[in-house]
Amino acid sequence: MAFTRITAAEAAALIKNGDNIGLSGFTPAGTPKAVTAEIAKIAHAEHEAGRPYQIGIFTGASTGQSCDGVLAEEGAIKYRAPYTTNPSFRKKVNAGAIAYNDIHLGMMAQDLRYGFLGEIDYAILEVCAIEDDGKVYLTAAGGISPTVARMAKKGIILELNAHHAPMSHNIHDVYEPLDPPCRKPIMIEKVTDRIGTPYLQLDPSKIIGVVETDLQDEARDFKDADPITDKIGENVANFLMNEKKVGRIPADFLPFQSGVGTTANAILFALGSNPEMPQMQVYTEVLQNAIVDLMLQEKVKCASTCSLTVTNDKLQAIYDNMKFFEQRLVLRQSEISNNAEVIRRLGLIAINTAIEVDLYGHANSTQICGTKMMNGIGGSGDFERNAFLSIFTCPSVAKGGAISSIVPFCSHIDHTEHDVNIIVTEQGVADLRGKSPIQRAQAIIENCAHPDYKQLLWDYLKIADKGQSCHKMSAALAMHDTFLREGDMHKTDWASYVK
């Protein structure tokens with residue numbers, strides 16, 4: 001079957017006010033770029049004419065500027081789920097202009113199938129090859145593509161992107177589980193096990209048109225490591241080596257999951273540089289530059305991921321060395337990469353970043369001072385809740401020391417004390433396993449708090465009402481309140497909050 005070639009503008013014209021669209025990709029990797037940019041132009045014209053135009057968007061994770069960015073700037077997004085990091089989108093959410101639903105990434109596809117989030121009108125998928133019978137080959141991510149394609153009521157639009165190498169299908173493993181009560185076990189027992197197909201089978205009759213493009217992924221390059229992130233990485237590596245030494249981690253180690261960003265890269269490099277570290281295995285949702293380099297150095301034996309969240313030069317390095325990577329690298333859908341069953345079976349060591357942690361081990365990874373969204377929860381909850389070992393990292397201070405990342409009580413809680421084993425800052429490591437709440441508080445202050453804030457935190461415990469968790473409720477958020485009023489948590493005066 002010869003599928004109709006259409007322009008990005010013609011494809012965008014199909015999307016009407018009130019429609020819901022589902023997109024391929026996971027982070028800017030593998031997301032459509034041409035059609036969404038044209039949708040933004042339509043929204044601009046409609047709003048200029050005084051007519052309403054907003055759509056709902058369902059994605060695997062964040063997207064790039066040509067999607068979340070321009071659509072947010074044009075006021076074209078009515079509803080959006082799940083994760084996002086775009087600054088323009090963040091500004092609109094924090095102004096109350098977008099209904100944003102922050103969902104665990106591993107739950108997104110099944111929540112759509114269960115009917116929890118509404119219907120999908122169109123799916124827009126980026127692919128690198130198409131066959132006449134409807135087989136398509138995804139590009140740099142798995143995401144939720146099978147689900148949005150199957151659920152799309154009005155049809156599927158394909159962006160055929162010549163920038164991505166067609167041989168990338170060699171690393172894809174496309175699999176969509178059945179829904180209860182018919183769901184089968186997810187039969188992944190090793191990091192590189194494959195349970196699906198290298199292609200996504202579409203119903204050819206649902207393919208409305210093919211938009212030909214040649215566009216790079218809108219890859220983010222992260223800041224270089226600094227002495228703080230290097231020290232956090234060193235602390236994590238030393239802690240894990242000791243866990244191996246005392247026998248709590250097997251001698252040949254367990255697979256790693258790591259979040260996204262500069263700190264995550266620093267931790268992976270520290271692990272890879274440690275002479276006691278055996279060849280690593282990675283089972284994660286995002287593959288970053290550090291892992292690509294460590295794989296080429298053969299310090300990482302193999303990796304499973306949902307997305308190649310790498311710079312474009314690293315993506316090209318994977319394509320240029322596909323014979324090497326196709327034996328060592330697997331790209332999956334997010335509900336498989338983030339699947340609780342698989343995470344527990346493999347016994348992952350999960351390492352993610354927090355904005356702040358409190359004295360009892362709760363972690364906030366999404367919001368500033370409890371109200372302003374920084375980014376979504378992503379997959380950190382999927383991994384940390386089900387990991388063999390749950391680790392959160394953060395610098396001990398932020399904003400030049402005006403903010404302590406260790407606080408009496410988190411202003412927003414994404415991960416409860418029950419899901420957090422280890423806290424690591426550049427100051428040290430707090431092992432919370434087997435400790436009561438007050439013992440956790442003591443370990444966190446002593447090992448993780450910045451010296452400038454230690455006494456302030458000890459003083460909070462002195463004024464706290466005694467209980468299973470010791471708090472003075474009138475003062476629990478005093479450090480945040482002081483920062484919002486005075487611009488510096490150092491100025492917190494507990495006496496003014498004690499009632």
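These numbers come from the heavy atoms of this one structure, side chains and all, not from hydrogens, waters or symmetry mates.
- Listed for the Asn86 side chain is no donor-acceptor partner under 3.5 Å among the backbone atoms of Ser62.
- For the atom pair Ile21 CD1 and Ile120 CD1, the distance stands at 10.0 Å (nearest 0.5 Å).
- Residue pairs meeting the side chain to side chain donor-acceptor pair (under 3.5 Å) criterion with at least one partner in residues 23-32, sequence neighbours excluded, are Thr27-Ser307, Thr27-Thr309.
- Counting non-hydrogen atoms of neighbouring residues, nucleotides and ligands closer than 6.0 angstrom, the NZ atom of Lys435 exceeds 12 such neighbours.
- Within the 3.5 Å criterion, the main-chain N or O of Thr311 finds a donor-acceptor partner in the side chain of Asn289.
- Side chains of Asp414 and His412: a donor-acceptor N/O pair is present below 3.5 angstrom, by distance only.
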*Determine, stepwise, if the pair Glu356 / Ser411 fulfils side-chain hydrogen bond (donor to acceptor under 3.5 Å, both in side chains).*
CA-CA 9 Å; Glu356 62 182 3; Ser411 59; 2.8 Å; yes
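- Asn238 contributes atom CG, which lies 12.0 Å from atom CD of Glu243 (distance to the nearest 0.5 angstrom).
- One finds no salt bridge joining Asp293 and Lys299 here, because no Lys/Arg side-chain nitrogen approaches an Asp/Glu carboxylate oxygen to under 4.0 Å.
- No donor-acceptor pair closer than 3.5 Å links the side chain of Thr85 to the backbone N or O of Asn375.
- Side-chain N or O atoms of Lys454 include one that pairs as donor or acceptor with a backbone N or O of Glu446 at under 3.5 Å.
- A salt bridge links Asp173 to Arg332: at least one charged side-chain nitrogen sits closer than 4.0 Å to a carboxylate oxygen.
- Using cut-offs of 30° and 60° on the angle between ring planes, the pair His450 and Tyr453 is perpendicular.
- Between Asp102 and Thr366, the shortest heavy-atom contact is OD2-CG2, 3.8 Å.
- Between Ile188 and Tyr283, the shortest heavy-atom contact is CD1-OH, 3.9 Å.
- When all heavy atoms of Ala219 and Val310 are compared, the closest pair comes out as CB-O, 3.2 Å.
- Annotation for Ala354 and Cys394: closest pair O-CB, 3.2 Å, computed over non-hydrogen atoms.
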*Run the side-chain hydrogen bond (donor to acceptor under 3.5 Å, both in side chains) check on Ser390 and Asp419 step by step: do they pass?*
CA-CA 7 Å; Ser390 167; Asp419 301 327; over 6 Å; no
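- Between His415 and Phe392, the ring-plane angle classifies as tilted under the 30° and 60° cut-offs.
- Taking SG from Cys128 and NE2 from His172, the interatomic distance works out to 6.5 Å, rounded to the nearest 0.5 Å.
- Side-chain contact between Thr84 and Thr59 is absent, with no heavy atoms from C-beta onward closer than 4.5 Å.
- Taking the side chain as every heavy atom from C-beta outward, Leu457 and Pro408 approach each other to under 4.5 Å.
- Using a 4.0 Å cut-off between charged side-chain N and carboxylate O, Glu341 and Arg183 make no salt bridge.
- Proximity of a side-chain donor or acceptor of Asn274 to a complementary backbone N or O of Leu271 within less than 3.5 Å is not detected.
- Of all heavy-atom pairs between Ile77 and Ala72, the closest is CD1-N, 3.8 Å.
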Below 3.5 Å, can you tabulate the donor-acceptor pairs from side chains in residues 324-331 to any protein atom, sequence neighbours excluded?
| from | atom 1 | to | atom 2 | distance (Å) |
| --- | --- | --- | --- | --- |
| Glu326 | OE1 | Asn170 | ND2 | 2.8 |
| Arg328 | NH1 | Phe324 | O | 2.7 |

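- Comment: Arg113 engages Glu176 in a salt bridge, judged by a side-chain N to carboxylate O separation of less than 4.0 angstrom.
- The side chain to side chain contact (heavy atoms under 4.5 Å, CB included) test with Gln257 singles out one residue from Asn352, Asn386, Ile349, and that residue is Asn352.
- The closest side-chain heavy-atom distance from Arg433 to Arg248 is below 4.5 Å.
- Here the closest heavy-atom approach between residue Tyr83 and residue Val260 is recorded as OH-CG1, 4.3 Å.
- Tested against Leu138 for a side chain to side chain contact (heavy atoms under 4.5 Å, CB included), the candidates His164, Gln333, His169, Glu126 yield a single pass: Gln333.
- Under 4.0 Å is where a charged nitrogen must lie from a carboxylate oxygen, and between Glu218 and Lys33 no such pair does.
- Side-chain atoms of Leu200 and Val127, non-hydrogen and from C-beta on, never get closer than 4.5 Å to each other.
- Looking at residues two or more places apart in sequence or on another chain, you find a ring pair (Phe, Tyr, Trp, His ring centres under 6.0 Å) between Phe116 and Tyr114.
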*Determine, step by step, whether Phe89 and Met373 satisfy the side chain to side chain contact (heavy atoms under 4.5 Å, CB included) criterion, reporting the C-alpha distance in whole Å, the side-chain angles of both residues, the deciding distance to 0.1 Å, and the verdict.*
CA-CA 10 Å; Phe89 181 91; Met373 190 270 289; 4.2 Å; yes
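- From Lys244, atom NZ reaches atom CG of Leu254 across 12.0 Å, with rounding to the nearest 0.5 Å.
- For the atom pair CD of Gln110 and OG1 of Thr147, the computed distance is 9.5 Å after rounding to the nearest 0.5 Å.
- Between Glu159 atom CD and Thr36 atom OG1 the span is 6.5 Å, to the nearest 0.5 Å.
- Although no hydrogens or angles enter the test, the distance criterion places no donor-acceptor pair under 3.5 Å between the side chain of Asn447 and the main chain of Val424.
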